[in-house]
Amino acid sequence: MPRENIVAVIDKGGRGAVLASKYLQSPDVDRIIAIPGNDMMAQGKEKPVETYPMLRTTDVNEIADLCRSRNVALADVSSSKAVRAGLADALRANGVATVGPGMRAGEIEWSKAFAREFGKRHMIPQPEFYIAVGIPPAMRYVDTRAFRPLFIKADGLMGGSGSIGALTIEEARIAIKKLGWTKSPLHKKVVIEEWLTGDGMITGEEFSAFAMSDGRDVQLLGFAQDYNKAESGERGSNTGGMGASTPHSAITPAIEEYTTILFDRAIRCLKKEGRKYNGVLYMGGMLVHKDGELRLYVLEWNARWGEPEAQVVVPGIIDDYFRLNMGVARGEITSHRIANDGKARVAVTAAARGYPEDYSKAIGKEIVGLDRAAKVDGVTIFGAGVKIENGRYYANGGRLFYVVAEDWNTNGARERAYAAMSEIQVEDNNLHFRDDIGMPHMDRILRH
Ligand code: GLY
C-alpha cells in the first residue's frame, strides 16, 4: 500500500481548525492529526481528522514521538506556547519536516522585551519603550517621568491579556502591579511603552499582517483587521480576539510595500543573530497620522498565524497549502507570488457569556442552530471550545466557535456572517458576540 501523507497540526482553536481544512484541500494530503485539536474539526470532512485531546501543545517529547511513529509528512507548529516550548526544534531533531519557528527565533513573540530591543537594533519603527526588571523600577519609572499615556506590557506569553493601556500615573501603577506580579521568573520584566497617538491625540488604526519565510526569503500572505476588545465599539476587556476581517480598508499598495520591507528586514536580522525563522510571522502594526504624514509602527511580532485572523486570511490562499509549506520546511519557499482569491471575509467569534472574565456559568450549556447557520450561503463554521456528545453541541471554553463568511465585498460578508449568527443560540442566553465586526474603524468608534 502506498504511504499515506499525514499532516500534523499542533493547535486546538479555530486557527487549528482552519489550517486542518486548508491542508485537506491538497490532493497530496490523506489525513490530519490535530494535537490536541477540537471536537468540531473532523465534522463534514471527506478525509480523516484525528484529534489527541489528552495531549497539550507543550508536550514536546510525546508529540515528537507521535509524529515520528506515524511517519508524519509535515508538522505545522502554530501555537505560541508550542513555539515557546521548543516543539519545532524537537520535531526537526527527530527528522520530521516542520513549519514553525524554533524557540530562539520565536522569542520575537514570547519576550516583548527581546522584540523591542531587537527592533531598536534593526531600525524597526516602534513605540518608545523602557524595560524595567521587576515592579519597583517600573513604578519608579512611571512616577518620575512627565506623564503621557502609556502601555504596560508583561514580558511573556499572556494569551492576549498582557498589555494594559494607562491614561494616568495611578492607572499605570495598577497595571504594573497586575502584570508584574507573578511567580514565574519568565515574566519579571515589564515593558513600558508610549501610547501612540497622532495629530489631535487620535489613536491610530491597527492592522495584522502575515508573511511566510523559509529563513531566507519572505512571501507576504495578507492583511486583516483584528477586533480585540470584548464589546462592540472597542469597549471592554482585552480578549484573545472577538473577530477578524479582510481586506483591511486602510492598507494601500505603499503600506504593503513598506510592510514587506519590514518583514524582510526582520527575517534577515533574525538570521544574522543566529535565529533562523521558519514559518508564518505576524506583524501587529499601527498606522498613525502625525505631523501631516502617515506613519507605520510595529506594535508586536507573533511567531504564528493570528487567532482569529487565520480564519479570514488562510481560506483566501489559492496555492496548494501543503506544497507551499513543504517548500518552507525544506528551506525552498516558492519564488512566485502567493495567489489570493481576492474575496472579502468576516469572522465573528461566538464566545461564552462572561468571556474573557468568568464564563463558568456557560460551560456545559447546549448550543443549537449550528447546522442551520452553516447552510447560509458562503458561511463556514470553525469550532474551538465546543464539546460534541451524542451529536449535540455543548459550550466547553471561552471562545466557542467562529462564524466565517465570504463574499466579494466586506458588507456582503458581514451580512452573511450575522445572518448565520442569528440562527444560533446557547442555552439560557449564554452566547456573546460583537455586532460590529467588519465595520470601518471610525464607524465602530463613533456609533457608541
Ligand atoms: N489576534 C491576536 C492574536 O492572535 O494574537
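Since the structure is predicted, the reported quantities are computational estimates derived from the model, not experimental observations. Order of appearance sets the numbers: ligands from 1, and atoms from 1 within every ligand. All values below come from the heavy atoms of this structure, side chains included, with hydrogens, waters and symmetry mates left out.
- Ring geometry for Y418 versus F433: interplanar angle of 30 to 60°, hence tilted.
- For the pair E300 and ligand 1, the shortest N or O to N or O distance does not fall below 3.5 Å.
- Of the charged side-chain nitrogens involved, none lies within less than 4.0 Å of a carboxylate oxygen, so that K112 and E193 do not count as a salt-bridged pair.
- Here the CD1-CG distance, from I338 to L324, works out to 4.0 Å after rounding to the nearest 0.5 Å.
- In terms of protein heavy-atom proximity, atom 1 (N) of ligand 1 is nearest to E309 OE1, 2.8 Å.
- Taking all atoms of both residues into account, the shortest heavy-atom contact from L431 to A350 is CD1-CB, 3.7 Å.
- Residues that satisfy the side chain to side chain donor-acceptor pair (under 3.5 Å) test with D341, not counting sequence neighbours, are R345.
- Protein heavy atom nearest atom 2 (C) of ligand 1, with residue, atom name and distance: Y282 OH, 3.2 Å.
- Residue-level proximity to ligand 1 for R304 is carried by the side chain, the only part with a heavy atom below 4.0 angstrom.
- Atom numbering of ligand 1 starts at 1 in the shown order; those under 4.0 Å from a heavy atom of D226 are 1 (N), 2 (C).
- For ligand 1 and G306, the ligand atoms under 4.0 Å from any heavy atom of the residue are 4 (O).
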